[in-house]
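Worksheet for the structure shown next.
Quick note on labels: first sequence line is chain A, next is B, and so on, each numbered from 1.
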Number of protein chains: 2
Amino acid sequence: MNLSQKCQYGLRAMFELAKRNSQGPLSIPQIAEAQAIPPRFLEQILTQLKHAGYVESRRGVQGGYLLASTPYEVTVGEIIRLFEGPLSPVKCLAGQGGGDCPLLGDCAFIELWERAQAAVEEVYDSTSLQDLIDRERAAAARRTVNFCI
Amino acid sequence: MNLSQKCQYGLRAMFELAKRNSQGPLSIPQIAEAQAIPPRFLEQILTQLKHAGYVESRRGVQGGYLLASTPYEVTVGEIIRLFEGPLSPVKCLAGQGGGDCPLLGDCAFIELWERAQAAVEEVYDSTSLQDLIDRERAAAARRTVNFCI
DNA sequence: TTAAATCCCTAGTGCAACGATCGGGATAAT
DNA sequence: ATTATCCCGATCGTTGCACTAGGGATTTAA
């Protein structure tokens, strides 16, 4: 069920990069401050995102990180899988070897786990970074209207 | 995402009690063997299930544990919540106090987490122990047919 | 050419949760 | 009285998580 802090930081970093996609590279301190992430920890997270091909980096003065693709192309599901592995509630689904389940074969729960996994995958895989940006804007607009009323 | 081993053991124990509901109390060794659960660990788990009101116990010779209600009345969702707490992917949804999220209020992700939580809740809360028993029987029947063919 | 800003890599650390075990006590049936 | 069972509290080893630290490599700018 639970997503790790690292995964959430990773998503927030990607979100920040997506929001300010046109401003050139964002440095670690910039992202860290905007999204309240410990900077040295963020460094590790960005390295991981880079190795997986989701961001690019520029070194030296004025350097930083950039999205490797557009916010429309990246889904939340991909990022979560990068940090958490398969989105399955139990190990025996995750590992293709079946893990070490002693009830292999006639487990009454497998179908249940598969359905739960499919349900969250539907949500996460159908949401792109751009969707998050759009929703944030919509929420901000709603807040403004409420404030006026 | 992941359910703890303890939670899975708890579900399997409940499932075993449900399957053999009419046979009188099941002892810890009986359940442990049938479901491949370390006996001393199972003891703790059954205690937890008892305190929460899901099972009853009989002491002494011929004692053991019984389901406190019918397999139709208990959902998988309840049991999972007993061991794992709220079915939310992030802390800030789980704690009614909002946890310690520094972005409280204008977080672009909240709606996403709510949707993911609702998706798994739909699956887990709509499955009773009896459903699991029925599905296991159906799966066994399917295997028999395949074997005959 | 030097200096500053930035990313890059490899450890290492403290803590809490998890999975499991242990010892010994209470209770009930025979 | 004996035995089978549950009951309770403590403990223990491992692992993963969240985070910190130190020192190096590049690139731009002055």
Start with the C-alpha gap between B/Thr70 and B/Glu73, add the side-chain angles, then the distance that decides, and say whether side chain to side chain donor-acceptor pair (under 3.5 Å) holds. CA-CA 5 Å; B/Thr70 73; B/Glu73 294 172 300; 3.2 Å; yes
Atom [atom1] of [X] and atom [atom2] of [N]: how far apart are they, to the nearest Å?
| X | N | atom1 | atom2 | answer |
| --- | --- | --- | --- | --- |
| B/Lys50 | D/dT5 | NZ | P | 16 Å |
| A/Arg59 | C/dC9 | CZ | C1' | 10 Å |
| A/Gln44 | C/dC9 | CD | P | 12 Å |
| B/Glu43 | D/dC7 | CD | P | 8 Å |
| B/Gln62 | C/dT30 | CD | C1' | 10 Å |
| B/Leu46 | D/dC8 | CG | P | 13 Å |
| B/His51 | D/dC7 | NE2 | P | 8 Å |
| A/Ile45 | D/dT20 | CD1 | P | 11 Å |

Neighbours of DNA chain D within residues 22-31 of chain B, by heavy-atom distance under 4.0 Å: B/Leu26, B/Ser27, B/Ile28
Any donor-acceptor pair, under 3.5 Å, between the side chain of A/Arg40 and the base of D/dG22, if you only look at N and O atoms? yes
Contacts of A/Gly60 and A/Gln5 projected onto DNA chain D by closest heavy atom; the upstream (5') one is A/Gln5
Taking everything shown except B/Gln23 itself, do over 12 heavy atoms lie less than 6.0 Å from its CD? yes
So do A/Arg20 and A/Gln30 actually touch side chain to side chain, heavy atoms under 4.5 Å? yes
Would you tell me whether B/Gln48 and B/Tyr54 have side-chain atoms, one donor and one acceptor, within less than 3.5 Å of each other? no
Does a nitrogen or oxygen in the side chain of A/Ser4 sit under 4.0 Å from OP1 or OP2 of D/dG16? no
Is the phosphate of C/dG19 approached by B/Tyr9 (side-chain N or O, under 4.0 Å from OP1 or OP2)? no
